[in-house]
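Input: a single structure, listed below in structure tokens.
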Amino acid sequence: MTPQPTGRRHHRWLTATAAIAATTLLAVAGCAGSSLSDSDTTANEIRIGLIVPKSGPYKAIGDDQAAGWRLALEKLDGKLGGRPVKVIEADEGDGKATALASARKLIEQDKVLALVGGGTADTVQTLYPLLNESKVPLIGMGGRPSTIANPTYLWSTSWLSQETGASIAGYLRTTVGNGRVWVIGPDYIGGRDQIGGFVTAFRKAGGQLANPGGEPTWTPWAPAPTTEFSPYLTKIKEAKPAAVYTFYAGASAIEFVKQYRQYGITTPLYASGFLTEGAPLAALKEQAKGIYTALNYSSTLDNAANRDFVRRFTSANEGKLPNVYHVCAWDAALVLDRAIAEALAQPDPPAATPTATAPVPSNPASSSPAASSAAASAAASGLTSQTLTAALPRVGSIDSPRGAWQFGPTNHTPVQAYYLREVAQDGQVWVNRTVQTLTTLGS
Amino acid sequence: MGLSGLVNPYTITALDGVAYGLLLFVIAAGLTLIFGVAGVFSMAHGTLYLAGAYLAWHLGDGGWAGLGLALAAAVLIGAVGGAGLAAAVRPLTERPLDQVLATLGVAYIAADQFSTVFGAEPRSVDPPRALAGSVSLGGYQYPVYRLGFVAVAALIVVLLIWLVERSRTGAIVRAVVADPDMAAATGLRTRTTRAAVLVGGGILAVTAGVLGAPVIGPAPGVDTTILVYSLIVCVVGGLGSIRGALLAALGVGQILTLGVALVPGAAAFVLAAAMLIALTIRHRPSLAGRPE
């Protein structure tokens, strides 16, 4: 492709420019909107920025997170800590440039008290420096990277990727006895964390891998995610392991399980819960029957909070069952509800930093009168991003549908129970039926 | 005994490579014609595949009627899509970079529309019930649908090679490619020919989506995956060459199956190396439709 000579007919450029302009407008119209209606800003109103994937490959996760968050706000009568809430939504895209632009807009232009969301670990990684710089906390409710050194402004209601595999390793070691386990997963950071967590804990428990060389098998993620698993499945058949352990999510999970069945592999299949959570289970149905997975939630858990949650969710979603993304988003609202109440009751605790001021926007010219008055009134009542952050360690136990949990002091991720689940039919629908509690993990 | 000696993990994997390679060929054949013959740099090819895969999911009912309906719809939508692309890039003739931008824009808008209309969840497409199970090949189970796909794809290969290299239509297309001005001077409608190639390529891509959906199902991001593999096949096979695309697709199919079985972890590297070799060593002077 060489550059073309200039000076071609004028109208062609016009057409192209018009096309590009139209495209841009379409894109902008698709994701702005919500922030434009700014009419009823009351003095007490709190602004929260919800940042989830609304486009791109993780949109399904983002849709679930937004649904879980809205359901919780509905239950709390649209209030957090007794204050009316205005939620401003933004798109995190694939977690890179879009996420950063959206978060900057929420913090600098909308002056939100806190951010909630983050579908993937990439987003959290991208936003982490911005959180430290602006001192606005993020209540993360999705993927969480293993590489966060100082999580002062980062509090996740989800999980650490290594924990899922680690939780089932001891159980699987006992189940297979001296048998070996074949381990396979996708070759990207999330896959390496998920599989690595299992392998480390499994070896520690004295288990051995059936893979050649005793190392896990990685399926390529570049130049495109693997869709063809037959070469690996044929090798598994040859090796005759006692069990297979894997982690895949989304479209890869569907293809992996489908081909596992089509190529007639009869080895028991164990996996990280994402293999059969939400969309993959809905698509696979009976093909997923009998797969054992580990996760920090199952819609069949028998506790009061979960019964209430499932009832509310199914009646709002035509009988559909909730998944772990709904729960983590729901819990993010419970956490903020507690933390805001706590910050209002005790705005200036001894442990908090003395400079309890509103976050300073890097672009003062962008602040609208409404926004600054809201920020001022919030500051007057002692509720700022700073006092909120200082209150987060004091929220205590969260009465979650997954069972009660609280933030760990090191990583600010839940100290929570992990469950062994088996895919089974419950009436017309396929569910991850709880078999037993595996262990409690978190830091 | 002789047969069961032939069936071992590597021949089963190689058979998969053939099925996968033929799927890549049916997808990429349209693109190599669009690139090489019509001279259009289309980044919306994966989008057409994804449209076909969603058709198969939406219209599929587990029987032959659903598949037939999806295939009929694929021809219609492929033709409309191809004609639409032809209209969109017509003002951009001989401006490849602008064609890339324009078709990429179309692909982005379409991807957004797909997830609005069909939902953002990945979908699973089952083949017609008659082809849904697996057969036993010397102790190994093999999906029947893939065997059926190999047969249908082989038919498409023969038809395409005949159409492009033996038929009168193919002769006109090749004439327009070799020397557009001379072809126009002898009374051939070059513009119509180029548009027809885009329509044909569109039909091929959407049809591939319907047939390929049980193997590579519809989900957000699949359009990009398909585009990447198609581009690799086009580059390695040589733009505009059907036979080249066939060899390249079968090669890529083997790299992604037998390759990962023999040398785990090297597949991505081998694919990149194959493209590099194709671009540096093989220099085809003034290949049809390629801008100089």
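In the text below, chain A, chain B and the rest are named by the order of the sequence lines, each starting its count at 1. These figures come from a predicted structure and were not determined experimentally.
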Interface residue of largest heavy-atom contact number with chain A, from [options], under 4.5 Å:
| options | answer |
| --- | --- |
| B:Ala88, B:Ala111, B:Ser124, B:Pro220 | B:Ser124 |
| B:Leu256, B:Val215, B:Thr116 | B:Val215 |
| B:Ala219, B:Ser134, B:Gly259 | B:Ser134 |

Please flag which part of [X] lies under 4.5 Å from any non-hydrogen atom of chain A: side chain, backbone, both or neither.
| X | answer |
| --- | --- |
| B:Tyr229 | side chain |
| B:Ile232 | side chain |
| B:Val144 | neither |

Original post:
Between A:Thr267, A:Thr217, A:Ile265, which is the residue that forms a side chain to side chain contact (heavy atoms under 4.5 Å, CB included) with A:Trp182?
Top reply: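 When A:Thr267, A:Thr217, A:Ile265 are each tested with A:Trp182, the side chain to side chain contact (heavy atoms under 4.5 Å, CB included) holds only for A:Thr217.
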Subject >> Aromatic ring proximity, centroids under 6.0 angstrom, A:Phe274 and A:Tyr248 >> reply: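 Distance test on ring centres: not under 6.0 Å, no.
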Subject >> A:Lys54 side, atom NZ; B:Asp112 side, atom CG - distance, nearest 0.5 Å >> reply: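 Result: 11.5 Å between the selected atoms.
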Subject >> Region of A:Tyr232 that comes under 4.5 Å of a non-hydrogen atom in chain B >> reply: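 Contact with chain B: side chain only.
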**OP:** Verify, without hydrogens or angle tests, whether A:Asn432 (side chain) and A:Thr276 (backbone) share a donor-acceptor contact under 3.5 angstrom.
**Re:**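 Indeed, once roles are kept as given, a pair shorter than 3.5 Å links the two residues.
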**OP:** Please say whether more than 12 non-hydrogen atoms of neighbouring residues, nucleotides or ligands are located less than 6.0 Å from OH in A:Tyr188.
**Re:**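 Counting other residues, nucleotides and ligands, OH of A:Tyr188 exceeds 12 neighbours.
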Original post:
Under 3.5 Å, is there a donor-acceptor pair linking the side chains of B:Tyr142 and B:Asp16?
Top reply: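 Yes.
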Subject >> Option that, when pairs with chain B are counted at under 4.5 Å, heavy atom only, ranks first among A:Pro231, A:Ser55, A:Ala60 >> reply: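 Ranked by heavy-atom pairs under 4.5 Å with chain B, first place is A:Pro231.
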